[in-house]
Amino acid sequence: MMNLRHILLVAVQLVLVQQAHAQSILTANGHSGAGVVPNASVMDLGTSQVHYSSAIPGAAQPKGHSMVVGWGLTEGLELSGRLVWQNTHCRFFFEDCSGPRGGIRDLSGSFKWSPAWARFESQNLALAIGGVDVGGAANLSNAYYAVATTHRRWFDFSAGAAWARAANAPIRGPFADLTIKPLDGLRVGVQSSNRQLFTHAGYTLPLPGTDRAAVTVAVTKELNHREAAQATSTIINSPPQFFSVTLGSRLATAGTDRSARSETLPGRRLPTLSVDQLGSALAKHGFHRTSIRSRDARTTVVVVDNTAYRWNAIDAAGVAAALIAAADRREDARMELRVQSNGIDLIELSAPTACIRRWIEEAEPCDSLKLRSALVRRTENEHAADPGRIDEVARNTSSERGEQTDREPERQGAPNPLGVFQFLPRPELVIQPIINSTIGTELGAFDYDTAYSVNLLMPLWAGATIDINRIKPTGLKSDDFDTGYFRNLRFQSVENRRMFHQILPLQQFNTQARLSTGRVYETWEGNQLEVQSQTHSGQDRITAVWGKFNNPTFFRFNRREYAYANWRHAWDSRHDQTTTLTVGEFWGGDKGVQLTHRYWFGDTNVALYFRESTFGPATPRASFIGLGITVPLTPRRLDGFGFAGVRGTPQFSYAVETRVRNASNDIGGGYGVVPAMGEPLTLTFNRDRNGDGYLSSQLWRLRRAALDLLD
């Protein structure tokens, strides 16, 4: 049986954040529903679930383990991945793993789709179609189904039919389910599927201390169980009784999901500040190298370098704008705010100061607020249309207060708490976990090795950084990464990267470039050039990468030259969904293509991808499909120290993939590898969300940041 350490590690990797339960609960079969059959309800948009069951319904020897991870990706669509296994560590390639409990081990994907036109809310009726085990090479339980569900006040009734494509398919033929909900959170029911009857009962309990996460415990019992020896291929073989546990969660983290946009949210009084205290207040809230100037008699220009708000630079703009509004209380004053990342302009904000103050304190809409990207070129007509535009060089005029106009904050009365450190390079130490794992292979259900990455980033001047990365193993690993098949892939304590990066913002071409030079992967020395260009709206971006590295420790195969390009398209201005096509030659020398579709939920995203590449005409093409999740592993606001910062990564990614279009399901790696050269341009510039379209659609978040993150 899989030990507790394995189960906890899988759950932590695949859920990562705690959030709220969905209306439909995952089952051991990979779809949502109750017991063993599906219903027409789909997991709510922006929710995730992790489900564990002590059985593999449909298997000839059903005792085993099922772990399912699912997401509500869009309205009416859920996608899930399922790992089933009976023997955790047995190596199918080298050992006889049949035994009395069988030897099933399979990684697969499932989906359920209920489009808007198939949901009849006035009749409390919904229709859905779905598939089980539709990916991977083995397809041990492949089936497709159609189902209808009617919802009533205290019960749900579902009926449908399944078309099984494999002997171990968990459902086949007609099926039905009656679920009664006598109390809030409690559900009991009975269901049938092709001559078998089941009862099920479950209870959902919100996790204490949060309204964003819940756990469901359920028991399913078969009423007319037949032993495996008596079963036929038309019978679903299930143990007489099995239990399951489901953890439900919301992907959009607190304060960032669109459900929290309402302007009716209560405001908060801004702190009482004088103009002379603004520099100190900005430094206290995590801003570095702040500059405060007067452009004319009523306009204050503020430039801040964002070091504390790594989830989304809009948070930095919201907090800084609130502090400016708190310090300058003149009714005719205007603010012009520029948010930078390591000295590179990222976001421009302009608005009347009193308008921002009333918006935060009284929820009065601020229609004259403008939030725009600083990465793109502006025409003279665009500048003329914005009377509050930010000039590159502030004009030296006198303000109504008779104060010097070109001033740094520490010269405005109260001393800046950072003193001289305000203008010195501010190093950052970035610490994050890293995981190397194989899931559902013939060598083991879950083999893994873990380590942590320690990254020292030393800014030098605008856009220039020294990047030193070390890998430290944790010692937490499975046997195959310790002394077994994957021992040569285990993490070692090494200096993994020592690089110099220089970012060049080519605003007149809507383009940014980054030149990197140094050593990566311990011994490879060379250079990389990354160039990206985007439209004003930010909905389309093109990136090209060229690299050339040599390894002086190798006698043969000691050169790596790669070149690839990708095009990213956002399907709407909010960047809720994006599609990226990558084509070229990768780090390993293989040539191919990868297509990625990404779903954004606040600052978390889930990606579904297909990758195919080959190392040459003499080698077959290798194809993979995968599912990954990316989350920030750092507090939403992390001030750090005035002279240095210690943080996690705003973009931790973990993905599970399986090989397809390959009957033998061979284990293979090194395909489609994009070399890790430190933080790419997309991460530096607000995780690829920096166009005018995205920023203008997120004005609600400015106010949320001021309400949630301001001291």
Side-chain angles (χ1 to χ4, degrees), residues 287-293 295 299 301-307 309 312-314 316-317 320-321 335-351 369-395 459-465 500-516 528-546 565-570 573 575 678-698:
F287 297 105
H288 195 61
R289 293 184 177 179
T290 60
S291 171
I292 304 174
R293 297 180 174 89
R295 186 166 68 84
T299 305
V301 178
V302 179
V303 180
V304 296
D305 201 272
N306 175 29
T307 62
Y309 307 89
N312 197 318
I314 297 176
M335 69 171 71
E336 296 179 354
L337 172 65
R338 183 186 301 127
V339 178
Q340 297 183 333
S341 176
N342 192 25
I344 305 296
D345 291 345
L346 179 58
I347 293 177
E348 294 178 349
L349 180 151
S350 62
L369 168 64
K370 291 187 177 181
L371 188 68
R372 305 193 305 185
S373 172
L375 298 176
V376 297
R377 174 177 54 87
R378 303 291 176 192
T379 65
E380 287 301 320
N381 290 336
E382 288 176 304
H383 280 313
D386 183 7
R389 67 187 177 92
I390 298 178
D391 287 333
E392 285 300 318
V393 180
R395 294 198 303 269
L460 300 177
W461 51 81
T465 308
F500 168 78
H501 309 288
Q502 176 66 65
I503 296 176
L504 301 173
L506 308 174
Q507 189 183 48
Q508 62 271 33
F509 303 109
N510 291 8
T511 297
Q512 302 81 43
R514 186 182 76 152
L515 176 63
S516 302
Q528 175 181 285
L529 177 63
E530 178 185 8
V531 179
Q532 71 172 28
S533 184
Q534 66 181 31
T535 59
H536 274 58
S537 68
Q539 286 192 242
D540 290 279
R541 171 187 54 76
I542 297 175
T543 299
V545 178
W546 301 269
N566 64 57
W567 166 65
R568 190 268 296 139
H569 174 71
S573 62
H575 281 52
E679 295 185 349
L681 288 174
T682 53
L683 178 56
T684 300
F685 296 121
N686 207 34
R687 300 177 68 193
D688 203 20
R689 301 167 297 171
N690 49 55
D692 285 355
Y694 173 78
L695 295 173
S696 62
S697 73
Q698 301 295 307

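The chain is numbered in sequence order, starting from 1. The analysis underlying the following values was restricted to heavy atoms, covering all of them including side chains, and did not include hydrogens, waters or symmetry mates.
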> So do the side chains of Phe500 and Leu460 get within less than 4.5 Å of each other, counting heavy atoms only?
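Result yes, sub-4.5 Å side-chain heavy-atom pair found.
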> Taking atom OG of Ser696 and atom NZ of Lys370, what is their separation to the nearest 0.5 Å?
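Reported value, rounded in 0.5 Å steps: 11.5 Å.
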> Any donor-acceptor pair under 3.5 Å linking the side-chain atoms of Ser291 with those of Arg293?
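Result is yes, a qualifying pair exists.
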> Where do Val301 and Arg295 come nearest, in terms of heavy atoms and distance?
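Reported closest heavy-atom pair: CG2-CB, 3.7 Å.
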> Measuring from atom CD of Gln512 to atom CG of Leu504, what distance do you get when rounded to the nearest 0.5 angstrom?
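Here the interatomic distance stands at 10.5 Å.
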> Could you give the distance from CD (Gln340) to OG1 (Thr290), rounded to the nearest 0.5 Å?
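It is 11.0 Å, given to the nearest 0.5 Å.
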> Do Gln534 and Phe685 make a side-chain contact, defined as non-hydrogen atoms from C-beta onward lying under 4.5 Å apart?
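With C-beta onward as the side chain, the pair stays apart.
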> Just so I know, are the side chains of Asn312 and Arg689 near enough to count as touching, which here means a heavy-atom distance under 4.5 Å?
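Yes; the side chains approach each other to less than 4.5 Å.
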> Taking C-beta and beyond as the side chain, do Ser341 and Asn306 meet within less than 4.5 Å on heavy atoms?
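When only atoms from C-beta onward are counted, Asn306 and Ser341 do not touch, as no gap falls below 4.5 Å.
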> Within a strict 4.5 Å, meaning less than it, do heavy atoms of the Val531 and Thr543 side chains meet?
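Heavy-atom side-chain distance check fails, nothing below 4.5 Å.
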> For the side chain of Arg372 and the backbone of Leu695, is there at least one donor-acceptor N/O pair under 3.5 Å apart?
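A pair under 3.5 Å: no.
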> Ignoring hydrogens and angles, state whether a donor on the side chain of Gln507 or Asp345 is under 3.5 Å from an acceptor on the partner side chain.
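No, no side-chain donor-acceptor contact under 3.5 Å.
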> Report the distance from atom CG of Leu506 to atom OG of Ser533, rounding to the nearest 0.5 Å.
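The CG atom of Leu506 sits 9.0 Å away from the OG atom of Ser533.
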> CD/Glu348 to CG/Leu337 distance, rounded to the nearest 0.5 angstrom?
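One gets 9.5 Å once the value is rounded to the nearest 0.5 Å.
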> Leu375 and Ser373: which non-hydrogen atoms are nearest, and at how many Å?
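Nearest heavy atoms, Leu375 then Ser373: N-OG, 3.1 Å.
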> Where is the tightest heavy-atom contact between Ser573 and Ser697, given as atom of each residue plus distance?
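Nearest pair, atom of Ser573 first, then Ser697: O-OG, 3.8 Å.
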> Measure across Gln502 and Ala464 and return the closest heavy-atom pair with its distance rounded to 0.1 Å.
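Between these two residues, the closest heavy atoms are OE1-CB, 3.2 Å.
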> Determine whether Tyr694 and Asn686 make a side-chain contact, defined as any pair of heavy atoms from C-beta on separated by less than 4.5 Å.
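Yes; the side chains approach each other to less than 4.5 Å.
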> Under a 3.5 Å threshold, yes or no: a donor from one side chain and an acceptor from the other, between Asp305 and Asn342?
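Absent: no donor and acceptor within the cut-off.
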> Name the residue from Thr535, Asn566, Asn690, Asn510 that meets the side chain to side chain donor-acceptor pair (under 3.5 Å) definition with Arg541.
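Passing option: Asn566.
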> Any side-chain heavy atom of Gln532 sitting closer than 4.5 Å to one from Thr682?
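Of all side-chain heavy-atom pairs linking Thr682 with Gln532, at least one is under 4.5 Å.
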> Say whether Ser516 and His501, considering side chains only, have a donor N or O and an acceptor N or O under 3.5 Å apart.
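Yes - a donor-acceptor pair under 3.5 Å links their side chains.
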> Within a strict 4.5 Å, meaning less than it, do heavy atoms of the Trp567 and Asp540 side chains meet?
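Yes, side chains in contact.
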> Which is it for Arg568 and His575 under the side-chain contact (heavy atoms from CB on, under 4.5 Å) test, yes or no, and what are the steps along the way?
CA-CA 11 Å; Arg568 190 268 296 139; His575 281 52; 4.0 Å; yes
> Please check if the side chain of Arg377 supplies one atom and the backbone of Thr511 the other of a donor-acceptor pair under 3.5 Å.
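No; zero donor-acceptor contacts below 3.5 Å.
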> Stepwise, does the side-chain contact (heavy atoms from CB on, under 4.5 Å) test hold for Arg338 with Val304?
CA-CA 6 Å; Arg338 183 186 301 127; Val304 296; over 6 Å; no
> Rounded to the nearest 0.5 Å, how far does CG of Leu371 lie from CD1 of Ile314?
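Between atom CD1 of Ile314 and atom CG of Leu371 there are 6.0 Å.
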